[in-house]
Amino acid sequence: MRIGIGYDVHALVEGRQLVVGGVNIPYEKGLLGHSDADVLVHAIMDSILGALALGDIGKIFPDTDNAYKDIDSCILLERVMSLTKKEGYIIGNVDSVIVAQRPKMAPYIEAMKEKLSKIMQISEGQLNIKATTTEWLGFEGREEGVSAYSVCVLIADRSKEE
């Protein structure tokens, strides 16, 4: 068993779509980043890569590479899952939290779980996504950005031993 932790943060800006957990969320601002800036998917990928001891998404998908400009982060998650399989692991579970004052994330969590669990080839029961505010404190509370945290447990893929 291996455990990894991930964290990501992106600024909220005008003129971008807000994509969190692979879901487009109607809002007047979106997240700034080289890719689609999906803060939740980035945190999840970092937790998986951490458990694999392969660094982070900046190492695997550098923001200096135009191949990743405005890319859908779910495509990157698929690539991380391929690396996970290649390394001989499967996901045991993922627990994550999105931190944003606004917009409210709760109405979109089930859609996020459905989409991301399919990409990670796990049941929705193996993926937990929570959302919280900071009660108006910090950059999230001032609505300047959104952050996300993730913890991932990987287990050896026993089907490879057969």
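Each residue takes its place number in the sequence, starting with 1. Keep in mind it's a predicted model, so treat the numbers as computed, not measured.
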### Message
Working note: Glu124 + Leu127, criterion side-chain contact (heavy atoms from CB on, under 4.5 Å); need CA distance, chi angles, decisive distance, verdict.
### Response
CA-CA 5 Å; Glu124 289 184 33; Leu127 173 61; 5.9 Å; no

### Task
Let me see the working for Lys85 and Gln121 under side-chain contact (heavy atoms from CB on, under 4.5 Å), right down to the final yes or no.
CA-CA 11 Å; Lys85 185 176 182 177; Gln121 301 175 351; 5.7 Å; no

### Message
Go through it in stages, so that I can follow the logic: the residues are Ile90 and Ile155, the test is side-chain contact (heavy atoms from CB on, under 4.5 Å), and I'd like the CA-CA distance, side-chain angles, deciding distance and then a yes or no.
### Response
CA-CA 6 Å; Ile90 58 174; Ile155 54 177; 3.6 Å; yes

### Task
Go through the steps for Val41 and Ile119 under the test side-chain contact (heavy atoms from CB on, under 4.5 Å), then give the verdict.
CA-CA 11 Å; Val41 173; Ile119 293 169; over 6 Å; no

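Counting all heavy atoms, side chain and backbone alike, Ala53 lies closest to Arg2 at CB-NH2, 3.8 Å. Nearest heavy atoms, Glu114 versus Ser117: O-OG, 3.2 Å. Across all their heavy atoms, Glu87 and Leu52 have their closest contact at CB-CD2, 3.8 Å.
If you chain together hydrophobic residues whose side chains sit under 4.5 Å apart, Ile44 and Val23 fall into the same group. Both Met45 and Ile75 belong to a common hydrophobic cluster when Ile, Leu, Val, Met, Phe, Trp and Tyr are linked at side-chain heavy-atom distances under 4.5 angstrom. Residues Ile129 and Tyr7 are members of separate hydrophobic clusters, defined by side-chain heavy-atom contacts under 4.5 angstrom among Ile, Leu, Val, Met, Phe, Trp and Tyr. Val97 is not connected to Met112 by any chain of hydrophobic side-chain contacts under 4.5 Å among Ile, Leu, Val, Met, Phe, Trp and Tyr, and they are in different clusters. Both Leu40 and Ile71 are assigned to one and the same hydrophobic cluster, defined by single-linkage of ILVMFWY side chains at heavy-atom distances under 4.5 Å.
More than 12 heavy-atom neighbours from other residues, nucleotides or ligands sit within 6.0 angstrom of CD on Glu144. More than 12 non-hydrogen atoms from other residues, nucleotides or ligands lie less than 6.0 angstrom from NZ of Lys130. No more than 12 heavy atoms of other residues, nucleotides or ligands lie within 6.0 Å of NZ in Lys59, so this atom counts as exposed by the packing criterion.
Within the structure, the ring pair (Phe, Tyr, Trp, His ring centres under 6.0 Å) test picks out the following pairs touching residues 24-49 (sequence neighbours left out): His10-His42. Residue pairs meeting the ring pair (Phe, Tyr, Trp, His ring centres under 6.0 Å) criterion with at least one member in residues 93-131, sequence neighbours excluded, do not occur. Counting only residues at least two apart or in different chains, salt bridge (Lys or Arg N to Asp or Glu O under 4.0 Å) contacts with residues 7-31 comprise Arg16-Asp70, Glu28-Arg102.
With sequence neighbours excluded, no residue satisfies ring pair (Phe, Tyr, Trp, His ring centres under 6.0 Å) with Phe139. Every residue two or more places apart in sequence or in another chain that forms a ring pair (Phe, Tyr, Trp, His ring centres under 6.0 Å) with Tyr68 is listed here: Phe61.
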Quiz: residues 145-154 side-chain donor-acceptor pairs under 3.5 angstrom, not counting sequence neighbours:
unit_1	atom_1	unit_2	atom_2	d
Ser147	OG	Glu140	OE2	2.6
Ser150	OG	Ser47	OG	3.0

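Separating the CG atom in Leu12 from the CG atom in Leu32 is a distance of 9.5 Å, to the nearest 0.5 Å. Atom CD1 of Ile60 sits about 5.5 Å away from atom CG of Leu54, to the nearest 0.5 Å. In this structure, the separation between CD1 on Ile91 and CE on Met120 is 5.0 Å, given to the nearest 0.5 Å. Taking CG of Leu49 as the start and CD1 of Ile57 as the end, the distance is 8.0 Å to the nearest 0.5 Å. Note: Asp38 CG to Cys74 SG = 6.0 Å, rounded to the nearest 0.5 Å. Distance CD/Gln101 to CZ/Arg142: 11.0 Å, rounded to 0.5 Å.
Not a single donor-acceptor pair under 3.5 Å links the side chain of Asp157 to the backbone N or O of Gly88. Side-chain atoms of Thr134 come within 3.5 Å of backbone atoms of Gly141 as a donor-acceptor pair (strictly under, hydrogens ignored).
For the pair Pro103/Ile25, a side-chain contact is recorded, criterion being any heavy-atom separation below 4.5 Å from C-beta on.
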